[in-house]
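Written below as structure tokens is the structure these notes are about.
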Amino acid sequence: MKTLIIDRFEGKYAVCETEQGTFADISVLALPEEADEGDVIHISVDKSQSEKRRQHINRLADRLFKD
């Protein structure tokens, strides 16, 4: 799990400090409305849900492009 800290807001982006001390811009649309400067953000990937979505998309594509 990655951790970011919101340093400041610049227009449509939150400038966040990474664990390595670098900065990353995150769209404010990707954050909860209550997010504020100084808040800690945890980012993780749910591999199980990702795989379920991939399988679902593959089934839809198979039906769509069926011979």
Side-chain angles (χ1 to χ4, degrees):
M1 182 180 310
K2 294 201 178 255
T3 301
L4 302 172
I5 300 170
I6 300 174
D7 182 67
R8 63 188 179 278
F9 290 94
E10 290 185 358
K12 297 179 181 181
Y13 295 94
V15 179
C16 300
E17 186 173 359
T18 68
E19 296 167 315
Q20 293 78 28
T22 59
F23 290 86
D25 295 339
I26 307 292
S27 171
V28 295
L29 298 175
L31 300 174
E33 285 186 30
E34 67 272 11
D36 203 359
E37 293 176 358
D39 285 349
V40 176
I41 302 168
H42 296 289
I43 301 174
S44 64
V45 176
D46 186 333
K47 292 289 188 179
S48 174
Q49 287 296 321
S50 297
E51 184 57 30
K52 286 179 185 177
R53 288 183 50 81
R54 263 187 219 98
Q55 290 174 3
H56 177 72
I57 294 299
N58 286 338
R59 284 192 302 273
L60 291 173
D62 287 345
R63 280 194 276 164
L64 183 62
F65 298 112
K66 196 175 188 177
D67 293 327

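This one's a predicted model, so the numbers in the text were calculated from it and none came from an experiment. Side chains included, hydrogens not; waters and symmetry mates left out as well; all remaining heavy atoms used.
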*What is the distance from atom CG of D62 to atom CD of Q55, rounded to the nearest 0.5 Å?*
11.5 Å
*Give a yes or no on whether F23 and V28 share a hydrophobic cluster (residues Ile, Leu, Val, Met, Phe, Trp, Tyr; joining criterion: side-chain heavy atoms under 4.5 Å apart).*
no
*Considering non-hydrogen atoms only, spot the tightest contact between L31 and A14 and give its length.*
CD1-CB, 3.6 Å
_Between CD1 on residue I5 and CD on residue E19, distance to nearest 0.5 Å_ = 9.0 Å
_Please find the pair of heavy atoms, one from H42 and one from M1, that lie closest to each other, and give the distance._
CB-SD, 3.3 Å
*Kindly give the heavy-atom pair with the smallest separation between V45 and S50, and that separation in Å.*
CG1-OG, 4.3 Å
_Quick one, I41 and I26 - any side-chain contact, counting heavy atoms below 4.5 Å?_
no
*Could you grab the distance from atom CD1 of I6 to atom OH of Y13, nearest 0.5 Å is fine?*
15.0 Å
*Measuring from D25:CG to E10:CD, what's the distance to the nearest 0.5 Å?*
7.0 Å
*Can you tell me how far the CG atom of D46 sits from the CZ atom of R53, to the nearest 0.5 Å?*
11.0 Å
_Euclidean distance, E37 CD relative to D7 CG, rounded to 0.5 Å_ = 7.5 Å
